[in-house]
Amino acid sequence: MPSHRDTILDQFSRQAVPFSTAAPIRDEHALRLLVEAAETRSDDLVLDVACGPGIVACAFARVARGVTGIDLTPAMIERARLLASEQQRANVRFEIGDVLPLPFVDAAFSIVVSRFAFHHFQNPAAVLAEMKRVCQPGGRVVVADLTVSEDPRKAEGFHRMEMLRDPSHARAFTVDQLRRLYRICGLAVAAEKFWRMDIDVEGLLERSFPVPGSEDTIRKMFEDSVADDGLGLGTRRHKGRLRFTYSNVILVARQ
Amino acid sequence: MAISKELLDILACPKCKGAIQLNDKQDGLVCDACKLLYPIKDDIPVMLIDEALPV
């Protein structure tokens with residue numbers, strides 16, 4: 001059985017191009033919400049943890065003095081560099097590296113952010129503690145991620161579907177569980193922002209690399225959830241297509 | 001783009017979290033304590049213990 005790290009590398013090498021070009025991922029409104037929630041200023045030094053294709057790093061680079069993005073997957077870093085070069089961002093740089101530990105000295109950054117990554121971590125509390133360690137006193141530790149339903153049955157339904165759709169998935173949290181992670185790490189949440197992403201099921205499957213042979217099972221899980229919302233994603237039919245909504249949260253704490 | 005002084009100041013060895021420095025050939029970052037070299041490939045530091053080379 002491949003390790004979680006091997007699965008991450010496999011999934012994200014294949015997802016690098018389709019993920020980095022997906023409209024919901026590049027949504028400007030959501031990026032601005034994140035940069036503003038972090039109270040980003042022109043003198044900030046930002047770390048983007050598990051930066052993927054660098055979309056978040058480049059969004060922060062419009063405002064901040066400097067941005068560093070770190071990711072385990074070389075194919076993602078390649079996309080990130082391309083994006084930074086397309087956007088002519090000279091104040092952003094990227095590294096290949098893991099999140100445990102983060103290869104930076106204590107208090108190296110004034111903003112440490114991670115978007116859409118926590119549900120891939122096997123030890124999210126340890127990652128958050130690392131984010132806190134590399135953040136300066138008075139800096140902001142910011143996690144943005146999708147959330148699951150507070151109803152355990154729906155959360156479990158989502159988990160089962162997501163493990164098929166993206167085997168690098170670890171565990172998505174409810175908003176309250178994410179708040180608890182912050183508390184465990186001694187971080188007081190100072191601000192919370194919410195946003196939603198409406199997603200077309202077939203569009204999502206086109207940019208996914210599910211467990212081989214599981215596509216029809218995944219489709220059926222979505223179809224079944226139209227009646228009972230068994231995935232907690234508000235799945236519905238719209239103009240003949242299956243659609244659902246990710247409910248996302250941004251948590252901001254002052255270090 | 002070369003590795004800047006500013007980046008060197010904040011990078012740490014992922015094994016011991018201690019200081020690292022640019023090697024003479026400027027193609028890797030060395031942790032003297034762990035005796036490991038983290039390669040710089042196409043200007044991208046690869047800060048992975050698995051891919052570090054003994055020095």
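Just the heavy atoms: all of them, side chains too, but no hydrogens, waters or symmetry mates, feed the values below. Quick note on labels: first sequence line is chain A, next is B, and so on, each numbered from 1.
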Can you tell me how far apart [atom1] ([X]) and [atom2] ([Y]) are? Round to the nearest 0.5 Å.
X       : Y       : atom1 : atom2 : result
B:Asp43 : A:Phe94 : CG    : CZ    : 13.5 Å
B:Glu6  : A:Arg93 : CD    : CZ    : 5.5 Å
A:Arg81 : B:Ile44 : CZ    : CD1   : 4.0 Å
B:Leu11 : A:Ile70 : CG    : CD1   : 8.0 Å
B:Ile10 : A:Thr68 : CD1   : OG1   : 4.5 Å

* To do: Using the side chain to side chain contact (heavy atoms under 4.5 Å, CB included) rule, take A:Ile96 and B:Lys41 through it: C-alpha gap first, then chi angles, then the decisive distance, then the call.
  => CA-CA 10 Å; A:Ile96 294 168; B:Lys41 294 179 182 169; over 6 Å; no
* residues 28-38 of chain B: residues contacting chain A (heavy atom under 4.5 Å, by number) -> none
* Pull out the residues in residues 12-20 of chain B that come under 4.5 Å of chain A, heavy atom to heavy atom, sorted by number. =>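 The stretch touches chain A at B:Ala12, B:Pro14, B:Lys17.
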* Asked: Which residues in residues 127-136 of chain A have any heavy atom lying under 4.5 Å from a heavy atom of chain B?
  ->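 Expected list: A:Glu130, A:Arg133.
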* Interface residues of residues 52-64 of chain A facing chain B - non-hydrogen atoms under 4.5 Å apart -> none
* Asked: Taking everything shown except A:Asp43 itself, do over 12 heavy atoms lie less than 6.0 Å from its CG?
  ->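 Above 12, so yes.
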* B:Asp50 atom CG, neighbour heavy-atom count above 12 within 6.0 Å -> yes
* **Selection from B:Ile40, B:Ile49, B:Val46 maximising heavy-atom pairs under 4.5 Å formed with chain A** =>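 Top count of heavy-atom pairs under 4.5 Å with chain A: B:Val46.
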* Would A:Val105 and B:Asp9 count as a side chain to side chain contact (heavy atoms under 4.5 Å, CB included) if you check the C-alpha gap in whole Å, the side-chain angles of each, and the deciding distance to 0.1 Å? -> CA-CA 8 Å; A:Val105 299; B:Asp9 286 347; over 6 Å; no
